[in-house]
2 protein chains.
Amino acid sequence: MKRNSRLSATLHILVHMAEKPGQALTSEQLATFIHTNPVVVRRTIAGLRDAGIVTSSRGHGGGWLLGRTPENISLAEISAALGEPLLPFSTEPESPGCLVEQAVIAVLDDFRIAAEKLLADKLSRITLADLTADFRRRYDLIGVSTHAV
Amino acid sequence: MKRNSRLSATLHILVHMAEKPGQALTSEQLATFIHTNPVVVRRTIAGLRDAGIVTSSRGHGGGWLLGRTPENISLAEISAALGEPLLPFSTEPESPGCLVEQAVIAVLDDFRIAAEKLLADKLSRITLADLTADFRRRYDLIGVSTHAV
DNA sequence: ATGAATCGTAACTAATTAAGTTACATGAAG
DNA sequence: CTTCATGTAACTTAATTAGTTACGATTCAT
């Protein structure tokens, strides 16, 4: 798994889970989808479990299941559960007391708050079901073209 | 300079430059503002020069100047000139041929394109002049309270 | 001309972060 | 009670970014 691809890797995993409803997939299986190892998977999606997006069970026959239907899982929730910031820039003070820095931080923070809200709104309108629908469309297309050619 | 603070550090520098109009500031001076060293400054703002936001001159009496008035320098341009992506997540394929991945990337890229446009629009409405105005407000407030107390 | 000041940039080092790995405890199913 | 899973801590490795050193190129003052 490359850097900065936790969101796409997680979505990849979730679509696979959505395609096998009711069937628990192990960290091992999920890991092969995103070319990494089981511990990285557990670590990455641990937050999704806490958010109720997935459930995990141990022992024989255990593994991971979606906690809700794909229609009820939005990318906003997934992104939030991963715990990564939506915007990459930091505004932590480095020169406390510098009025220029304070002004810069104030303006950037205002922007950031508004921007994060905008992005979260947009993400909340995309669900896991949308992703699986897109996948199915591609899948069917391949099938058609394979038969046609 | 901390990680992920290139934007705020650059704004910090630019506000200082805006406060000394017509006066060339050296990389050395700019570096002290953001607690780093001159080479890091040159490297960081090199893109701003290419974008015409600042100019630099060498030799005795040389240094950095704003290339335009603060009213005509938007945060969108500054951010673009820094060459950093507005959104942190990557959508580079890791399993070419995997339809699930393709679906995920397609959806995320759509989102990313729309989101970047939104953010750029918001940033284009904030100018360096807005930052200096915010700074002046804080500066005047301190002056007032100092005199009052 | 010469020297001092300044940027431009390459090359290297150090610090930080994130992913990958190993190891083992915990719990569930047969 | 053995096997198959997750949970998690600890460590290692890899990648990225900031910091540093060094030096060439350019400009100004004398």
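Any value given below was found using the heavy atoms of this structure, including those in side chains, with hydrogens, waters and symmetry copies removed. A, B, ... follow the sequence lines: proteins, then strands. Residue 1 opens every chain.
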What is the separation between atom [atom1] on [X] and atom [atom2] on [N], rounded to the nearest whole Å?
X	N	atom1	atom2	value
Leu82(A)	dA19(C)	CG	P	11 Å
Asn37(B)	dG8(C)	CG	C1'	14 Å
Met1(A)	dT21(C)	CE	C1'	14 Å
His35(A)	dG20(C)	NE2	C1'	15 Å
Ile34(A)	dA18(C)	CD1	C1'	14 Å
Arg58(A)	dG30(C)	CZ	C1'	18 Å
Asn4(A)	dA19(C)	CG	C1'	12 Å
Glu28(B)	dA4(C)	CD	C1'	14 Å

Between which nucleotides of DNA chain D, 5' to 3', does chain B make heavy-atom contacts below 4.0 Å?
dT16(D) to dC28(D)
Ala46(B) or Gly59(A), whichever maps to the more 5' nucleotide of DNA chain C:
Ala46(B)
Scan the side chains in residues 116-128 of chain A for donor-acceptor partners under 3.5 Å anywhere in the protein, sequence neighbours excluded, and list what turns up.
residue, atom, partner, partner atom, Å
Lys117(A), NZ, Asp121(A), OD2, 3.3
Ser124(A), OG, Ala120(A), O, 3.4
Ser124(A), OG, Asp121(A), O, 2.7
Arg125(A), NH1, Asp121(A), O, 3.4
Thr127(A), OG1, Ala129(A), N, 3.2
Thr127(A), OG1, Asp130(A), N, 3.3
Thr127(A), OG1, Asp130(A), OD2, 3.4

Hey, does Gly62(B) reach any base, or is it just sugar-phosphate, or nothing, if we go heavy atoms under 4.0 Å?
sugar-phosphate
Scan Arg43(A) against the nucleic acid and name what it touches under 4.0 Å (heavy atoms): base, sugar-phosphate only, or nothing.
base
Do Thr44(B) and Met1(B) come close enough that some side-chain heavy atom pair is under 4.5 Å?
yes
Measuring only between side-chain heavy atoms, which start at C-beta, is Leu141(A) closer than 4.5 Å to Arg137(A)?
no
Are Thr91(A) and Arg112(A) close enough that a side-chain donor and a side-chain acceptor fall under 3.5 Å?
yes
Examine the side chains of Ser27(B) and Arg42(B) and answer whether a donor and an acceptor come within less than 3.5 Å of each other.
yes
Which residues share a ring-ring contact (aromatic ring centres under 6.0 Å, His included) with Phe89(A), sequence neighbours left out:
none
Residues, nucleotides or ligands: over 12 heavy atoms within 6.0 Å of Glu84(B) CD
yes
Between Ser56(B) and dG8(C), is there a side-chain N or O to OP1/OP2 distance below 4.0 Å?
yes
If you compare every side-chain N and O of Thr36(A) against the phosphate oxygens of dG20(C) (OP1, OP2), does one of them come in below 4.0 Å?
yes
